[in-house]
Enquirer: 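Got a structure for you, written out below as structure tokens; questions coming shortly.
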Amino acid sequence: MVQHWLVKSEPHVYPWEQLVKDGQTHWDGVRNYQARNTMRDDMKLDDIVLFYHSNTKPPHVAGIAKVCREGYPDHTAQDPSSHYFDAKASPENPRWIMVDIAPHRALLSMVTLPQMKANSALDGMPLLAKGSRLSVQPVSEEHYAEVCRMGGLA
DNA sequence: GCCAACGTTGGC
DNA sequence: GCCAACGTTGGC
């Protein structure tokens, strides 16, 4: 069964438009254990991923991606010149994991955080939970379908 | 294993 | 820029 996820990116760091240009990308730099475990254990090839822009006005879902490579070591953790370098990572113990994602579907319009908060059909969505900071999180099939309905599939 | 200090996230 | 929420670190 295909599963659904949501990943956050700050648009000034890596926007949806860049993913469309690139065709696919390494989802590197995740340094949170819960998010890592999700990528390592749960995200499967062809799973669907809502691409969310955080730290922008308004925050919003910008597009729909899919997993095109399952979890493997995040090499930036072992690169001293990387912003994401982690001295505790090594080839034997890479410590951090990433997946690859690619664009899947475009939305006719962005789905903003205020719109989602106002939609009771999305009650219980982890993104909307108070204090939610997870950068990789699950989305139920029903919530996914509702976000698609709100944005309109291109 | 507790918990205070600190750093980060991310909406507002 | 503020600050609440949360995660991690490290002394004890």
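Quantities reported herein were computed from a predicted structural model and do not represent experimental measurements. Just so it is clear: chains get the letters A, B, ... in the order the sequence lines come, proteins before strands, and each one is counted from 1.
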Enquirer: What about A:Val67 and A:Tyr14, same hydrophobic cluster or not, with Ile/Leu/Val/Met/Phe/Trp/Tyr joined at side-chain heavy-atom distances under 4.5 Å?
Expert: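 Result: yes, single cluster for both.
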
Enquirer: Starting at NE2 of A:His83 and ending at C1' of B:dG7, how long is that distance when rounded to a whole Å?
Expert: 12 Å

Enquirer: Report whether A:Val136 and A:Val49 are members of the same hydrophobic cluster (ILVMFWY, side-chain heavy atoms less than 4.5 Å apart, transitive linking).
Expert: yes

Enquirer: Between A:Asp86 (CG) and B:dT8 (C1'), how many Å, whole number?
Expert: 15 Å

Enquirer: Can you name the side chain to side chain contact (heavy atoms under 4.5 Å, CB included) partners of A:Ala106, sequence neighbours left out?
Expert: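 Only A:Ala154 meet the side chain to side chain contact (heavy atoms under 4.5 Å, CB included) criterion with A:Ala106.
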
Enquirer: Please report the distance, rounded to the nearest Å, between CZ in A:Arg95 and C1' in C:dT9.
Expert: 11 Å

Enquirer: I need the CD-P distance between A:Glu10 and B:dT9, as an integer number of Å.
Expert: 7 Å

Enquirer: For DNA chain C, determine which residues of residues 50-59 of chain A have any heavy atom closer than 4.0 angstrom to one of its atoms, and list them numerically.
Expert: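 Going residue by residue through residues 50-59 of chain A, none turns out to have a heavy atom under 4.0 Å of DNA chain C.
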
Enquirer: Which whole-number value in Å describes the distance from A:Arg133 CZ to C:dG7 C1'?
Expert: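 Taking atom C1' of C:dG7 as the reference, CZ of A:Arg133 is at 6 Å.
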
Enquirer: Output the rounded distance in Å from CG (A:Leu127) to C1' (B:dG10).
Expert: 11 Å

Enquirer: Has A:Glu141 got more than 12 heavy atoms of other residues, nucleotides or ligands less than 6.0 Å from its CD?
Expert: no

Enquirer: Please report the distance, rounded to the nearest Å, between CD in A:Gln34 and C1' in C:dA5.
Expert: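 After rounding, the gap between these two atoms is 14 Å.
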
Enquirer: On DNA chain C, compare the nucleotides closest to A:Lys88 and A:Lys130; which residue's is nearer the 5' end?
Expert: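 Upstream on the strand: A:Lys130.
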
Enquirer: Indicate whether OP1 or OP2 belonging to B:dG10 is found under 4.0 Å from a side-chain N or O atom of A:Lys8.
Expert: yes

Enquirer: Do the ring planes of A:Trp27 and A:Phe51 sit parallel (below 30°), tilted (30 to 60°) or perpendicular (above 60°)?
Expert: perpendicular

Enquirer: Whole Å only: how far is the CH2 atom of A:Trp96 from the P atom of C:dG7?
Expert: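 The distance from CH2 of A:Trp96 to P of C:dG7 comes to 13 Å, rounded to the nearest Å.
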
Enquirer: Let me see the working for A:Gln3 and A:Asp42 under side-chain hydrogen bond (donor to acceptor under 3.5 Å, both in side chains), right down to the final yes or no.
Expert: CA-CA 9 Å; A:Gln3 305 173 96; A:Asp42 302 326; over 6 Å; no

Enquirer: From the set B:dG7, C:dT8, B:dG11, return the single nucleotide nearest to any side-chain atom of A:Lys117.
Expert: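 Nearest to the side chain of A:Lys117 among the choices is B:dG11.
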
Enquirer: With a cutoff of under 4.5 Å between side-chain heavy atoms, which Ile, Leu, Val, Met, Phe, Trp and Tyr residues group with A:Val2?
Expert: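 Same cluster as A:Val2: A:Leu6, A:Ile48, A:Leu50, A:Tyr52, A:Val61, A:Ile64, A:Leu107, A:Val111, A:Leu113, A:Met116, A:Leu122, A:Met125, A:Leu127, A:Leu128, A:Val139, A:Tyr144, A:Val147, A:Met150, A:Leu153.
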
